[in-house]
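Notes follow once the structure below has been shown.
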Amino acid sequence: MNPTLKRFSINAMGSFCEVQIFDESRINAKNVTRKLSSEVHRLENKFSRYRSNSFVSEINFSAGNRMGVRIDSETQKLFEHAQSCYEQSSGLFDVTAGVLNQAWDFKSGRVPDQSEIDELLEHVGFNRLSWRKSRLMLPAKMQIDFGGIVKEYAADAVANLARRLGVKHGLINMGGDFAVIGPQPGDMPWPIGVADPKGDGSLMAKIEIMDGGLASSGDYERFFVHEGRRYSHILNPKTGWPCSGLRAVSVAGNLCTVAGSIATIAMLKEESAGVEWLQQSELAHVYMDSAEEVKGTGLGTIESK
Amino acid sequence: MMLNIKVILFVAFSMLILNACSQVRPWERGYLSKKEMSWDSDILESALNDHIFFSKEASSGGNNAAGGGCGCN
Amino acid sequence: MVKAPKMQHSKALRRKRRSRSLLALSTTALALPGIATADAPPTESAVSYKISNYKEDDLSRREVLFGDLNRYDIDVHQFKLVSPLGRNMAINFDANYETLSGASPWFTTAGANGEPVVNLSGASGIHDRRSEASIGARYYLENGSFGGNIGYSEENDYRAVYIGFSGERHFNSDLTTVSLGFSHSEDEIFPTDAEIFNRIINDDKQSSSVFVSVSQIINQLSTFQSAISITEQTGFLSDPYKLRDVRPEDKKQFAWSNSYRRFFVDADAAWHTNYRYYHDDFGINSHTADMSWHQNVGKSLQIVPHLRYYSQSSADFFTNIDNPLNPLTEYQSSDYRLSAFGAISGGINFILELDKWIVTLSTERYIAKEKYSAYKVSQPSTALVKYNRVSLGFDYSF
């Protein structure tokens, strides 16, 4: 009996998302894909900042409201994870950093004045949120962006739902963040290509994953060069200026969410500190440094156990 | 008194089991989450069985609150 | 292109102490509801219906002095609806309807050689129905759930109202689950033809029950659960239809259940085994052991052979021959359910899953005999049952 592959793709969280599952379970694959797709849409409708009617938009709309906004347990847990990221990165990974993008226009390639940045920096800082269990008070002009967490979380959540529905072989791709449900039939790993940050369509690395998650972070295409200096779209929430560390990082781990947080923090750090952070994380990783050299450990076939 | 000893034994036994267990990570619980691994994989079937055994045997109770509500016993 | 040497990633992780950052990030990530495997309310509605026929073997004339040879023949209709209500809640509605015909033991006398002989109830037999309905709701929290239900059951000579509450909580990264529950039932008995046969006109009884259970994930393939329940019944606990049936007005019951589930990957099958010890202050002790093998066959079929063994000791006041000289102030009962006996039952179930449908066919054969008892049988009962049960169930989710 040859398991057949079912796949569907959707645009969600501002990127291309794809689900591939092998129909080997008792449960009909069509039924499974229907449920998985509704889970993607649920997370998209709740956490996407690209949707004006999402819950995150509702939170952002509440900025300055002294009553605050009631958040459900899933959102609370995301904030707890965001806090964990903020603490472990000594304030570099900050879900309130999104407002800094107002100063940086990567299409026009203009370098803003320090005064513009300083003004925006007053509205950045996770520690300025007052957040008690189910109620969040977002100070005026501050914004929340779960961009660095929610795609990875969606990959894990969809993979977890698929496992619960009996799927044994599958791949979830949420805009370049992957969660893998067991190997392909025949014990074959899933080959995943990581795009080169130069954006010429070439691959920076080809990684084979048996199980678990793979997350990537990089300044793919979204950077500009001004007066010989490269400005990445990844902004340091403390200075308001683009980070100038690693060019791209991919991390594999049991959970895509954890791998993604490790990768994002590595990108936010200075180059040498980023490399050290990756090594200390003990997760398999591959990165491209500022000299465009590709290095890393552990990323052959990754068997997450 | 008899009951007290049984309760103590039950708690001690449970602790023993707890300590003997390895860490099973959430992503390693795929098989455990299968429907046929649940405590009660067919609720109507087990409800019917409980009902029949309750009316034909003297024993009841166990892993849920014991029945009643039936003139069959 | 990097093709790093195949590194033993997992071993490397075990050797070193885990990085603190990794641990911190993993802990909060694992608490996210989409990742945590804790309870989740159902995401879709499901209706279930099951029709069952339960038929006891006829007794032989040798065993029956007077009355019908046919014993119970019962049709049971079970209906269940579970539906999500909002994001954190589920409601359920249950209804059961039983139609019953046949005769049941009325009193026991000594036969010509002194052996006990059953007298089954009136030649016209019994025709009865039982209707039951209950509603319930369950609320799901991030690390557990709690819920309650309320129900009503009615027969032509019996009425019951019951309520129940239960809650469960996951601990220890959801490896351990503790459940607590409570239920209470208020029952009313009003025997038919009470005046003609000098039965009680009406009476009542109350049952209260508490249980606690602990479930534990042992490894990637097995789980274990242990539970105790304590029940107290007070009020009229005798059988109003039996001529000489006098039981205490208070009964305390204790049960200790243990369940084990194990999955076999190569066989693609799950093994269930359960054991229960029971004790009550009527003097009855019992052991129940059962096991079943849930074998997946292909994509959509599951075949489940199951086997059960049950054995109980007799109640202190059980007598297999009603003695008309016994004063009615003394506890006495010839109810076969209070005698020492054992029972073996088994059968095979077929479960077919088709997209949104599940069709279940269940069969069971049950044989109770005094010689199956693991306890000493000083007074064998005659009216022990043998029955066949066949059920056909349908589940539809939408």
Side-chain angles (χ1 to χ4, degrees), chain A residues 1 23-28 30-31 35 38-39 43 72-74 76-78 80-85 87-89 152-154 156-158 160-161 164 203-207 252-255 257-258 261-262 265 277 280-284 286 294-305, chain C residues 1-38 40 42-44 86-88 140-143 220 265 268 294 296-302 351-358 397-398:
Chain A
M1 187 164 42
D23 175 22
E24 214 200 19
S25 71
R26 291 185 293 114
I27 300 153
N28 186 283
K30 204 173 78 186
N31 197 14
K35 287 178 186 168
S38 81
E39 174 70 357
L43 291 164
D72 69 338
S73 77
E74 188 174 38
Q76 281 174 47
K77 297 288 181 189
L78 273 177
E80 281 166 20
H81 185 66
Q83 177 158 31
S84 190
C85 291
E87 285 170 4
Q88 296 307 317
S89 65
E152 292 88 339
Y153 170 51
D156 283 329
V158 172
N160 201 33
L161 178 62
R164 282 213 307 256
L203 293 183
M204 173 181 111
K206 198 178 142 203
I207 295 166
N254 288 313
L255 288 177
T257 308
V258 175
S261 304
I262 298 275
I265 293 170
W277 163 260
Q280 279 174 355
S281 79
E282 297 170 13
L283 293 183
V286 57
V294 178
K295 294 175 187 161
T297 51
L299 277 183
T301 297
I302 292 171
E303 290 175 65
S304 302
K305 259 282 147 75
Chain C
M1 171 155 158
V2 158
K3 189 96 184 189
K6 245 190 179 183
M7 182 177 145
Q8 290 298 316
H9 175 65
S10 51
K11 276 187 192 155
L13 264 188
R14 250 179 268 132
R15 249 195 329 267
K16 281 186 262 174
R17 233 186 53 200
R18 286 213 149 191
S19 119
R20 279 178 64 188
S21 297
L22 183 62
L23 196 60
L25 293 168
S26 298
T27 306
T28 47
L30 282 170
L32 289 163
I35 293 169
T37 41
T43 51
E44 48 184 27
R87 283 203 47 74
N88 296 313
Y140 293 80
L141 302 156
E142 50 208 272
N143 51 11
Q220 292 183 29
V265 180
D268 197 11
H294 298 241
N296 289 307
V297 179
K299 285 182 189 183
S300 46
L301 181 66
Q302 203 177 91
I351 302 161
L352 187 65
E353 277 199 38
L354 301 161
D355 195 14
K356 297 171 162 194
W357 288 90
I358 302 173
S397 44
F398 55 99

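Hydrogens, waters and symmetry mates are skipped; everything else that's a heavy atom, side chains included, is used. Naming: A, B, ... by sequence-line order, numbering from 1 per chain.
Here the straight-line distance linking atom CG of C:Leu22 with atom CD of A:Gln280 works out to 11.5 Å at 0.5 Å rounding. The line from CG of A:Leu283 to OG of C:Ser26 is 7.5 Å long, rounded to the nearest 0.5 Å. Going from atom OG1 of A:Thr257 over to atom CD1 of C:Ile35 covers 3.5 Å, rounded to the nearest 0.5 Å.
Across every non-hydrogen atom of A:Tyr153 and C:Gly34, the tightest pair is OH-N, 2.8 Å. Summarising the geometry of C:Ala29 relative to A:Val258, their closest heavy-atom pair is CB-CG2, 3.6 Å, with the distance given to 0.1 Å.
Of the listed residues (A:Asp156, A:Ile265, A:Val158, A:Leu43), the greatest number of heavy-atom pairs within a distance under 4.5 Å of chain C belongs to A:Asp156. Between chain C and the residues A:Glu87, A:Glu39, A:Gln88, the largest count of heavy-atom pairs under 4.5 Å involves A:Gln88. Counting heavy-atom pairs under 4.5 Å between each of A:Ala82, A:Ser38, A:Ala154, A:Ser84 and chain C puts A:Ser84 at the top.
In this structure, the side chains of C:Thr28 and A:Lys77 stay at 4.5 Å or more apart for every pair of heavy atoms.
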- Starting from the C-alpha separation in whole Å, work towards a yes-or-no answer on side chain to side chain contact (heavy atoms under 4.5 Å, CB included) for C:Leu25 and A:His81. CA-CA 7 Å; C:Leu25 293 168; A:His81 185 66; 4.1 Å; yes

